[in-house]
Amino acid sequence: MSRADVSADSIVVLDFETTGLSPDQGDRAIEIGAVRIEAGEVVDSFQQLMNPGRPISQFIADYTGITNDMLRDAPSCEEAMSDFHRFMGDSNLLAHNASFDKRFLDAELQNIAKRYRGEFACSLLVSRRIYQAAPNHKLATLVDYANIESSGGYHRALYDSQMTAKLWLSLLDEIKHRYAVASVPFELVAKLQKTPKKSVDGLLRKWSTA
DNA sequence: TGCCAGGCCCTCTTTAGGGCCTT
């Protein structure tokens, strides 16, 4: 079975908290959270704070609730990312606004000379196509829109990855029910997230009768 | 010195600009 044929409900969902928006500007990861989904069920999780080697800003402390005290004794980014690299394996990967998390994953793994083979899916790109009527496409808004139960602990890596996983399963269910698609392979997700909004109906209708 | 992300997506578009998302 090729990677594209793997079902989209077997995937590693990840989320980074970071010192800022851009690894190219020197920003580092300060926390990684992830859940592994197999056949639509969460079967494992991973959470690790990491010490970026310098103090974090007050903005980031306020935004995430992660303090410099919490990071002082945390393992280094290199140590934490080495553990995470083992957790993710060669699975396909998912994040909300994946372009952001992919940049940090690539940068942090490059620091420890590790590679990965999985391909990224993005719940933001898919939700813009499937939940077109949502008020906006922030993670918290989409969780409410999809009637997913939430305790509101956003902006921590494990919680956000858990909520992204629930949103993802909701999106896959919506595709299956709305378009009578029996299963959603990763290949379909890859096509869907590059398809213009106005062509989404056509793509999925074709897939349902294929 | 001053400035500083970047990819997607829409539109009054494509020889461009600005909002949305992520921290």
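Reckoned from all heavy atoms, side chains included, excluding hydrogens, waters and symmetry mates. Note on naming: letters A, B, ... go to the chains in the order of the sequence lines (proteins, then strands), and numbering restarts at 1 for each one.
- Look at NZ on A:K138: it is 13 Å from C1' on B:dT23, rounded to the nearest Å.
- Stacking of A:R36 on the aromatic ring of A:F87 is recorded, both the 6.0 Å distance cut-off and the 45° axial limit being met.
- Applying the salt bridge (charged side-chain N to carboxylate O under 4.0 Å, His left out) criterion to A:R28, with sequence neighbours excluded, gives A:E78, A:E108.
- For A:D69, the side chain to side chain contact (heavy atoms under 4.5 Å, CB included) criterion is met by A:T67, A:R72, not counting sequence neighbours.
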N/O to N/O distances under 3.5 Å, protein versus nucleotides 5-8 of chain B:
residue : atom : partner : partner atom : Å
B:dG6   : OP1  : A:D24   : OD2          : 3.0

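- Backbone-only engagement by A:N136 is indicated by non-hydrogen atom pairs under 4.0 Å involving sugar-phosphate atoms exclusively.
- Residue pairs meeting the ring-ring contact (aromatic ring centres under 6.0 Å, His included) criterion with at least one member in residues 16-39 of chain A: none, sequence neighbours excluded.
- The salt bridge (charged side-chain N to carboxylate O under 4.0 Å, His left out) search around A:D44 returns none, not counting sequence neighbours.
- We find that CZ of A:F120 is positioned 15 Å from P of B:dT22, with the value rounded to whole Å.
- Judged as a side chain to side chain donor-acceptor pair (under 3.5 Å), the pairs with a partner in residues 45-55 of chain A (not counting sequence neighbours) are, in order, A:E31-A:Q47.
- Within residues 141-171 of chain A, the residues that have a heavy atom under 4.0 Å from DNA chain B are, in order of number, A:H155, A:D160.
- As rounded to the nearest Å, B:dC12 and B:dC8 have P atoms that lie 22 Å from one another.
- By the 4.5 Å side-chain criterion applied to Ile, Leu, Val, Met, Phe, Trp and Tyr, A:M70 is assigned to a cluster that also includes A:I30, A:L49, A:I56, A:F59, A:I60, A:Y63, A:I66, A:L71.
- Between A:Y131 atom OH and B:dC21 atom P the separation is 16 Å, expressed in whole Å.
- Distance A:L105 CG to B:dT22 P: 18 Å, rounded to the nearest Å.
- Rounded to whole Å, the distance from CG on A:L139 to P on B:dC21 is 11 Å.
- For the C1' atom pair drawn from B:dT14 and B:dG18, the interatomic distance equals 16 Å after rounding to whole Å.
- Spacing of C1' atoms, B:dA5 relative to B:dT23, comes out at 11 Å, to the nearest Å.
- The side-chain heavy atoms of A:I37 and A:L94, taken from C-beta on, include no pair separated by under 4.5 Å.
- Within the nucleic acid shown, A:D27 has no heavy atom closer than 4.0 Å to any nucleic acid atom.
- Distance A:K198 NZ to B:dT11 C1': 12 Å, rounded to the nearest Å.
- Applying the salt bridge (charged side-chain N to carboxylate O under 4.0 Å, His left out) criterion to A:E17, with sequence neighbours excluded, gives no partner residue.
- Among pairs with a residue in residues 166-175 of chain A, those fulfilling side chain to side chain donor-acceptor pair (under 3.5 Å) read A:Y131-A:S170, A:E174-A:R178, at least two apart in sequence or across chains.
- Taking A:E38 as the reference, nothing meets the salt bridge (charged side-chain N to carboxylate O under 4.0 Å, His left out) condition, with sequence neighbours excluded.
- Distance, A:K197 NZ to B:dT11 C1': 13 Å, rounded to whole Å.
- If you take atom C1' in B:dG19 and the same atom in B:dG2, they sit 25 Å apart, rounded to whole Å.
- Remark: A:H137 is in phosphate contact with B:dC21, judged by side-chain N or O atoms under 4.0 Å from OP1 or OP2.
- Side-chain atoms of A:R129 come within 3.5 Å of backbone atoms of A:T195 as a donor-acceptor pair (strictly under, hydrogens ignored).
- For the contact set between residues 52-63 of chain A and DNA chain B, defined by any heavy atom under 4.0 Å, the members are A:F59, A:I60, A:Y63.
- Comparing B:dT1 with B:dT13, their P atoms sit 41 Å apart, to the nearest whole Å.
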